[in-house]
Amino acid sequence: MDFSTFLIQLLNALQYGLLLFLVASGLTLIFGIMGIINLAHGSFYMMGAYMAFSLTALSGNLLVAVIVGIALSALIGFLLEWGLFSRLYKRDHLDQVLLTYGLILIFEELRSLIVGDDVHGVPIPELLSASIQLSETLSYPVYRLFMSGVCILLAALMYWLIRYTRLGMMIRAGSSNREMVQALGINIDLIYRIVFGLGVTLAAFAGILAAPVSSVYPGMGNQVLIICFVVVVIGGVGSVWGALVAALLIGLTDTFGKVIAPDYAGLAVYVLMAAVLLWRPEGIFRRI
Amino acid sequence: MEQGFNRRRFLLSTAGIAGGLALPGAPLFAQSANKIRVGLMLPYTGTYASLGNAITNGFKLAVEQSGGKLGGRQIEYFTVDDESDAAKAPENANKLIKRDNVDVLIGTVHSGVALAMTRVARETKSLLIVPNAGADEITGPLCSPNIFRTSFSAWQPAYAMGQVMAEKKHKNVVTLSWKYSFGEQSVAGFKEAFEKAGGKVVKEMYLPFPNVEFQPYLTEIAALKPDAVFVFFAGGGAVKFVKDYDAAGLKKTIPLYGSGFLTDGTLEAQGDSAEGILTTLHYADGLDIAKDKAFRTAYAMAFRMQPDVYAVQGYDAAQLFAAGLAGVGGDVTKREGLVAAMEKATIDSPRGRFTLSKAHNPVQDIYLRKVEAKQNKVISVAAKALADPARGCRM
């Protein structure tokens, strides 16, 4: 592998890792702060991708899909927390797994009813459809660079939100001691609702963003869910910073694994997970 | 209680009567003994639904064209949606064979499901005609006197492409496909012909089905700078691959080849990115065959849409079965005569006439096609009367 190819593969790895972070950060927030194992998180990602497809088909514009999609998924997240998840905080993990697994089935059936079972593509918006010549044979699609840019921006935004804002402070406090925060007169229920809505929206947004480069197909949510749990486990439960590092590590392992030993690429990520867990059984980072 | 019981009984008895009326083939009716029972086990929902419908349409068109009869006898259909789910395949096949008592089983699209059907057909010695699934095993190690195929084996179009690419003086080639049996068999067929003719496959790459994140592979292809690329993808994945290949700027520098599924039923979505791609398949647009023109007109009249390769395969499944029935005067119980007549048949297919190999797979022309103005235009015959090697078949 020559140097320029290496750089381009690095770019591929970065882009994949950042997208993974976007989905996994919501999962780790919900898990770390509210203590909920949410198996339906991948379904939110799928929901976003199908929203991107349907809304783009209706309006002819991905930007409309992004705006309407974010608003819709935030609303759905809010309603789900209010109607279902708020009842789960004090239940044990088995109940949570049962309910969220049920949600996966419901989401798949709804998708089948509303959009059908076909595989769809979403066109890349005109403005971002160009390619940049990176080596003599290879051009790199601008849309992928754009995706990475958006992900970096969001990661920075989340860091700022959790580290430096009042809301972030309350979220951090709520994750370690719910009763104490409540006793201080802070509306913890509302905070949970916001965190959950944020998690759902991040996953759905990742789905919308990914739709033009990874087609939209039934069961896509479950594929991403598994790898997201790997991210959370490697990064440390509840750590957004850890999710970022883990997602990038997985991006690197997966991309270079595919190229160097294509036959074992599927395995590489899990070998990485095993290695990290031997070294640090609780993941690389702990907590927010 | 009393009332509920009555209503339940009432419902049951009405349902029984309605069922009897809706199924004139129930053994109650005397003429039913004369009907031929055809079991269609195909995907009618899911990713492959349109393929299942095309096969069904093709089959029924052939029956209609011979006056609604095969071998002089009326046809009765029994249909099961196989959902392309291999786990449900044995149960679905058994339902048609044991409960509905079908005389012939037609199915299916997905290779995994078809393999399960093949095993059931072998055990129960039922007559099976496969109208699409290309798994090499069906007319290879699993071949049987009662199992026929009217489509192709995975090996066939890929092998023909290996010859074509060697003739085009490509020396070093990279292959890319999904890692599941059909993809691997396609690459193996391609490699066999290509390396025999002096070419070299410098790298074989696979990604899990139905993964469509091609970017690292495209970067690798650009780095390896092969003379050409051979791929197997189909459906949504094929659409995405062809567009990504173009977006990565590779289309201009490294020619892309594949077996026909890459550009069949996907051209509308692929747009300009697909223009000029060469593929091989046993069917093409613009074939100068009288039978094809008549077939296309009849199909368009009957179903208000253009036929595709799947419709052709369904049509030929009916033609093959009809040839067998003609040999025994419509008496399906004469199995040996039926099979012998099917084996000897020459099918006048829209794709061109074909016969069957000893392993019951079509011995057919494989066409080289080029994408032009959203059609897979035939440019030449890549392999004349190509027979599958049927490795492992003992019959």
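The analysis underlying the following values was restricted to heavy atoms, covering all of them including side chains, and did not include hydrogens, waters or symmetry mates. Labels below follow one simple rule: chain letters A, B, ... track the order of the sequence lines, proteins then strands, and each chain is numbered from 1.
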Passing candidate, side-chain contact (heavy atoms from CB on, under 4.5 Å) with B:Q215, options A:N12, A:V213, A:I8, A:L11: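 In the set A:N12, A:V213, A:I8, A:L11, the residue that makes a side-chain contact (heavy atoms from CB on, under 4.5 Å) with B:Q215 is A:N12.
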
Is [X] atom [atom1] crowded by more than 12 heavy atoms from other residues, nucleotides or ligands, each under 6.0 Å away?
| X | atom1 | answer |
| --- | --- | --- |
| A:L58 | CG | yes |
| B:D272 | CG | no |
| B:E91 | CD | no |
| B:K168 | NZ | no |
| B:K370 | NZ | no |

Chain A contacts: which residues in residues 239-250 of chain B have a non-hydrogen atom closer than 4.5 Å to it?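 Under the 4.5 Å heavy-atom cut-off, B:K240, B:D244, B:A247, B:A248, B:G249, B:L250 qualify.
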
Best-contacting candidate, [options], against chain B by heavy atom pairs under 4.5 angstrom:
| options | answer |
| --- | --- |
| A:D2, A:L138, A:I124 | A:L138 |
| A:I132, A:T5, A:T255, A:V259 | A:V259 |
| A:Q133, A:M220, A:R144, A:K258 | A:R144 |
| A:S214, A:S131, A:A13, A:A130 | A:S214 |

Residue selection (most heavy-atom pairs with chain A, distance under 4.5 Å) from B:M205, B:E204, B:K225, B:K252: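 If we count pairs closer than 4.5 Å to chain A, B:K225 comes out on top.
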
Do A:Q9 side-chain atoms and B:P216 backbone N/O form a donor-acceptor pair below 3.5 Å?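 Yes, because the side chain of A:Q9 sits within donor-acceptor range (under 3.5 Å) of the backbone of B:P216.
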
Which atoms of B:K203 are under 4.5 Å from chain A, going by heavy atoms: the side chain, the backbone, both sets, or neither?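 Side chain of B:K203 only, per the 4.5 Å heavy-atom cut-off to chain A.
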
Checking B:T219 against chain A: side chain, backbone, both or neither under 4.5 Å from a heavy atom?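 Contact with chain A involves both backbone and side-chain atoms of B:T219.
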
